[in-house]
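Let me begin by presenting the structure, written as structure tokens, before commenting on it.
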Amino acid sequence: MTTQAPQGAPAVKSMDKIVSLCRRRGFLFQSSEIYGGLNGFWDYGPLGVELKRNIKQAWWHDMVTSHNELVAPPGAPAPYAMVGLDTTIIMHPQVWKVSGHYDLFHDMMVDCRQTKRRYRYDQVVGRWVECRGQRVFVTVDGEGPTVEQDLLQRALKFFNLRSKQADQLHWDGPVQPLSSVEDRSQVLGPDAKELGTLTEPREFNLMFKTYVGALAGEDSAAFLRPETAQGIFVNFKNVLDSTRVKIPFGIAQVGKSFRNEITPRYFTFRSREFEQMEIEFFCHPDQSQQWYQYWRNRRFQWYVSLGLASERLRLREHGPEELSHYSTGTADIEYAFPFLPPGKFGELEGIAHRGDFDLRSHMEGKLDPNTNPLQVELGPDGKPRWRGSGKDLTYRDETTGQRYVPHVVEPSAGADRAALAFLCEAYDEDQAPDDKGKLQSRTVMRFHPRLAPIKVAVFPLVKKEGMVEIARDIYAQLKKHTTCFYDEKGAVGRRYRRQDEAGTPFCITVDGQTLDDRTVTIRDRDTLKQYRVKIDQCWDEIQARLQAPEP
RNA sequence: GCGGGUGUAGCUCAAUGGUAGAGCGUCGGCCUUCCAAGCCGAAUGUGAGGGUUCGAUUCCCUUCACCCGCUCCA
């Protein structure tokens with residue numbers, strides 16, 4: 001029988017259909033679904049776990065194990081070494097204080113009941129003012145040179161006065177923080193029109209908190225890591241001392257991270273438990289710019305090489321206003337997920353030039369990112385707000401004798417976001433003929449063969465004449481090499497379609513001719529073409545096709 | 001966290017204050033020699049909890065989840 005290549009325009013990607021397929025075929029389920037689910041947590045099903053493992057394995061293989069430190073890869077300024085780590089999810093609480101996550105993820109917030117806006121408690125400042133016998137604490141969000149002017153405008157607006165009537169306002173006391181006010185009922189929120197709309201300050205904790213040891217108390221409080229990177233930084237010296245790696249080199253880690261996101265949304269895109277694939281690349285400050293360029297391009301090409309080659313993928317360089325001043329460059333690799341509005345992209349990976357911020361922070365104490373040059377952030381007592389380890393994390397170049405704090409380039413990828421992007425990219429609907437030759441719509445997951453959860457399926461054409469036995473034997477042989485799937489139930493067309501939805505690139509079918517000449521057919525998921533090969537050679541053939549799929 | 005919307009079978013969707021149906025899918029059987037064929041049969045249920053009621057999937061409350069918009073987003 002002859003088959004035709006797929007025809008017709010590419011299907012419009014509908015997130016509903018993708019989500020539905022993910023559930024139907026066992027890629028993704030909601031966590032704890034039988035209890036109603038848990039917001040921001042997702043489980044990978046039998047197909048999903050293979051897909052995600054393949055992504056992580058491809059990343060680890062391409063970045064770490066297959067990397068040859070003797071040769072500079074194309075585009076790299078020099079040869080470099082790569083090693084891996086697997087660090088704990090719970091680390092010393094000081095790690096997060098020094099890294100800045102504790103401050104950043106630990107704010108007290110106040111909400112405005114009227115405007116629904118939220119403010120950082122410590123950033124709202126105000127001043128008492130009296131007018132026509134009413135005493136009000138007017139506030140603005142954020143300090144700055146214009147605070148007094150802003151407060152004046154707010155007060156004029158509230159009392160319905162013109163600028164030239166400003167002398168009717170009687171200011172009482174200096175500008176002071178919101179925390180100095182006990183009675184909230186006389187407070188005018190930064191954007192409110194009425195008094196008393198601000199809530200009491202509430203702790204707003206983006207890190208998951210837990211307790212080490214059986215007794216819970218603030219002394220034993222610890223946090224689930226919000227990123228894997230810090231595990232690498234705190235082991236920088238261990239790696240140097242144990243492996244003989246020389247700068248430039250990278251340390252890679254894959255692992256779970258946790259963030260108590262305010263609004264988990266968009267399927268698995270913003271989850272509270274997620275997996276990262278991170279590299280911290282250490283280099284000489286003078287070369288850091290070149291390495292940043294290298295990793296930007298290298299990481300972008302990685303997604304391209306696995307099938308995200310479409311116009312849905314882009315590399316976006318951050319503008320100056322998005323950069324911390326110590327970073328000389330940050331780029332996001334972004335994908336136009338179908339759940340986003342047209343023209344919007346979602347982040348898959350960020351490649352950040354982080355300078356020496358992280359290593360120095362862990363040496364000296366938390367640095368203040370707003371200082372230039374970077375200085376340790378001081379507390380009220382004039383000592384470091386958060387003390388560093390005090391350990392020497394500098395690097396000594398044996399050939400030049402130079403000692404310096406290495407600079408860091410950080411390609412930080414989300415494994416779950418990559419999985420979601422590959423799922424979205426793979427989803428396609430086309431036309432395939434049914435047994436009467438009439439074109440029927442077909443749903444097919446066009447995964448790159450490296451990522452496909454199942455590489456090959458084996459079918460007897462019918463359950464007759466010994467085809468089952470031969471097919472089962474082929475299946476047993478292939479199982480030793482790769483993930484494969486066996487099916488003998490129902491019409492063969494139905495079995496092909498099932499594999500199309502699983503994204504299986506190849507199906508081997510035992511038919512009548514097999515009995516005569518020991519050949520089988522290999523059916524290609526994307527072209528629907530079939531090739532006849534000897535049973536003995538089918539693994540070689542599959543292997544070759546997995547590595548070099550037809551364009 | 002706020003506002004709006006939605007929750008019925010694995011999926012897409014019906015129906016009803018009084019025994020919850022269909023198509024597709026799934027499973028079993030028969031038949032089938034290459035792309036979701038046919039025939040026979042089967043399983044699976046109103047997100048969860050509470051209230052009103054003789055009786056609630058339907059009305060009310062709470063809660064959970066999902067979608068949209070704000071807010072947040074290393």
Side-chain angles (χ1 to χ4, degrees), chain A residues 1-4 6 15-17 19-26 29-41 96 99-105 107 109-120 199 202 204 206-207 225-230 257 259-267 269-270 272 276 278 324 330 339 341 346-347 350 352 354 369 410 412 414 431-444 459-465 467 489-501 507 509-515 520-521 523 525 528-530 532:
Chain A
M1 144 144 205
T2 55
T3 51
Q4 293 177 334
M15 203 56 208
D16 286 349
K17 286 183 174 180
V19 171
S20 166
L21 181 139
C22 283
R23 167 168 181 66
R24 186 170 73 242
R25 288 299 176 194
F29 308 120
Q30 214 178 346
S31 168
S32 321
E33 194 186 66
I34 61 170
Y35 287 105
L38 187 60
N39 196 356
F41 296 90
W96 307 113
S99 72
H101 288 91
Y102 183 83
D103 291 339
L104 195 68
F105 285 6
D107 294 326
M109 307 291 282
V110 291
D111 289 312
C112 177
R113 294 191 192 88
Q114 187 195 12
T115 63
K116 310 301 180 196
R117 286 176 187 263
R118 171 171 292 151
Y119 311 95
R120 270 180 61 173
T199 61
R202 287 181 284 198
F204 203 70
L206 259 50
M207 280 197 290
R225 65 182 175 199
E227 62 172 34
T228 59
Q230 297 304 323
S257 291
R259 286 183 199 183
N260 216 345
E261 296 285 356
I262 301 158
T263 314
R265 196 166 283 195
Y266 297 137
F267 202 24
F269 183 77
R270 190 175 300 149
R272 289 181 162 140
Q276 293 182 299
E278 293 197 300
S324 0
T330 296
F339 48 75
E347 180 184 341
R354 297 188 56 83
E410 175 189 79
S412 170
Q431 307 274 305
D434 63 14
D435 64 332
K436 298 177 186 70
K438 220 172 93 182
L439 286 178
Q440 301 285 345
S441 78
R442 172 180 82 132
T443 301
V444 52
F459 310 143
L461 185 58
V462 288
K463 286 190 282 184
K464 267 189 182 177
E465 299 163 21
M467 294 182 200
K489 297 284 171 60
V492 74
R494 181 190 299 262
R495 286 176 264 160
Y496 286 144
R497 294 298 172 87
R498 268 198 286 255
Q499 293 308 308
D500 289 339
E501 285 204 343
C507 295
T509 303
V510 172
D511 59 13
Q513 193 177 330
T514 309
L515 308 170
V520 291
T521 61
R523 176 256 198 194
R525 173 194 72 199
L528 302 181
K529 285 183 185 152
Q530 288 184 291
R532 188 162 279 281

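For the numbers below, each heavy atom of this structure counts, side chains included, while hydrogens, waters and symmetry mates do not. Bear in mind that the values here come from a model prediction, so they are computed numbers and not experimental data. Note on naming: letters A, B, ... go to the chains in the order of the sequence lines (proteins, then strands), and numbering restarts at 1 for each one.
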Exercise for the section: Give the minimum heavy-atom separation between A/Q30 and A/G36, together with the two atoms involved. Expected result: NE2-O, 4.3 Å
Handout entry: Rounded C1' spacing from B/rU32 to B/rG38 in Å
Key = 9 Å
Practice task
Tell me which nucleotide among B/rA37, B/rA65, B/rU33 gets nearest to the side chain of A/N39.
Solution key: B/rA65
Practice task
Using atom CD of A/E501 as one end and atom P of B/rC24 as the other, report the distance to the nearest whole Å.
Solution key: 16 Å
Practice task
Select one nucleotide: of B/rA65, B/rC34, B/rU32, the one nearest the side-chain heavy atoms of A/K464.
Solution key: B/rU32
Problem - Under the 3.5 Å Watson-Crick or G-U criterion, the dot-bracket string of RNA chain B, with | for inter-strand pairs - result: (((((((..((((....[..)))).(((((.......)))))....(((((..]....))))))))))))....
Problem - Euclidean distance, atom CZ of residue A/F269 to atom P of B/rC66 [Å, nearest integer] - result: 16 Å
Handout entry: Under 3.5 Å donor-acceptor pair, A/Y35 side-chain atoms to B/rC64 base atoms
Key = no
Exercise for the section: Determine the Euclidean distance between corresponding P atoms of B/rG18 and B/rG1; express it in Å to zero decimal places. Expected result: 37 Å
Practice task
Please measure how far the C1' atom in B/rG49 lies from the corresponding atom in B/rU57, and state the result in whole Å.
Solution key: 15 Å
Practice task
Could you check whether A/D511 gets within reach of a base, just the sugar-phosphate, or nothing at all, counting any heavy atom under 4.0 Å?
Solution key: base
Problem - Residue among A/E501, A/R25, A/R497 satisfying side-chain contact (heavy atoms from CB on, under 4.5 Å) with A/T443 - result: A/E501
Completion exercise
Against the side chain of A/L461, the closest entry in B/rA37, B/rC66, B/rU33 is B/rU33
Exercise for the section: Measure the distance from CZ on A/R498 to P on B/rC11 and round it to the nearest whole Å. Expected result: 18 Å
Exercise for the section: For side chain to side chain contact (heavy atoms under 4.5 Å, CB included), just list the numbers for A/F459 and A/C507, CA-CA rounded to whole Å, side-chain angles, deciding distance to a tenth of an Å, and then say yes or no. Expected result: CA-CA 7 Å; A/F459 310 143; A/C507 295; 3.9 Å; yes
Practice task
For side chain to side chain contact (heavy atoms under 4.5 Å, CB included), just list the numbers for A/R525 and A/Y496, CA-CA rounded to whole Å, side-chain angles, deciding distance to a tenth of an Å, and then say yes or no.
Solution key: CA-CA 8 Å; A/R525 173 194 72 199; A/Y496 286 144; over 6 Å; no
Handout entry: Distance-only donor-acceptor test, A/R494 side-chain atoms vs B/rA36 base atoms, 3.5 Å
Key = no
Exercise for the section: Indicate, with a heavy-atom threshold strictly under 4.0 Å, whether A/S20 touches base, sugar-phosphate, or nothing. Expected result: sugar-phosphate
Exercise for the section: Using the P atom as the reference point in each nucleotide, state the distance between B/rA56 and B/rC66 in Å, no decimals. Expected result: 30 Å
Handout entry: P gap between B/rA15 and B/rG47, integer Å
Key = 16 Å
Practice task
Find the distance A/I34:CD1 to B/rA9:C1' and express it as a whole number of Å.
Solution key: 17 Å
Practice task
Describe the nucleic acid contact of A/Y266 in one word from base, sugar-phosphate, nothing, applying a heavy-atom distance below 4.0 Å.
Solution key: sugar-phosphate
Handout entry: Length of the CZ-P vector between A/R23 and B/rA65, whole Å
Key = 16 Å
Practice task
For A/L528 and B/rC34, give me the distance from atom CG to atom C1', rounded to whole Å.
Solution key: 11 Å
Practice task
Please tell me which of the listed nucleotides, B/rC34, B/rU33, B/rC73, lies nearest to the side chain of A/T509?
Solution key: B/rC34
Handout entry: Nearest-angstrom distance, C1' atom, B/rA22 to B/rU16
Key = 16 Å
Problem - Polar pair under 3.5 Å, donor/acceptor by atom type, side chain A/R270, base B/rC73 - result: yes
Handout entry: A/Q530 (side chain) and B/rC34 (base): donor-acceptor pair under 3.5 Å
Key = yes
Exercise for the section: Measure the shortest side-chain to side-chain distance between A/R272 and A/N39 over non-hydrogen atoms and say whether it is less than 4.5 angstrom. Expected result: yes
Problem - Length of the CG-P vector between A/D16 and B/rG7, whole Å - result: 14 Å
Exercise for the section: Give a yes or no on whether a donor-acceptor pair under 3.5 Å exists between the nucleobase atoms of B/rG69, that is its base, and the side chain of A/R265. Expected result: yes
Fill in the blank from the handout: Taken to the nearest whole Å, NZ/A/K489 to P/B/rG38 is 19 Å
Exercise for the section: May I ask you to check whether A/F339 and A/F269 place their ring centres under 6.0 Å from each other? Expected result: yes
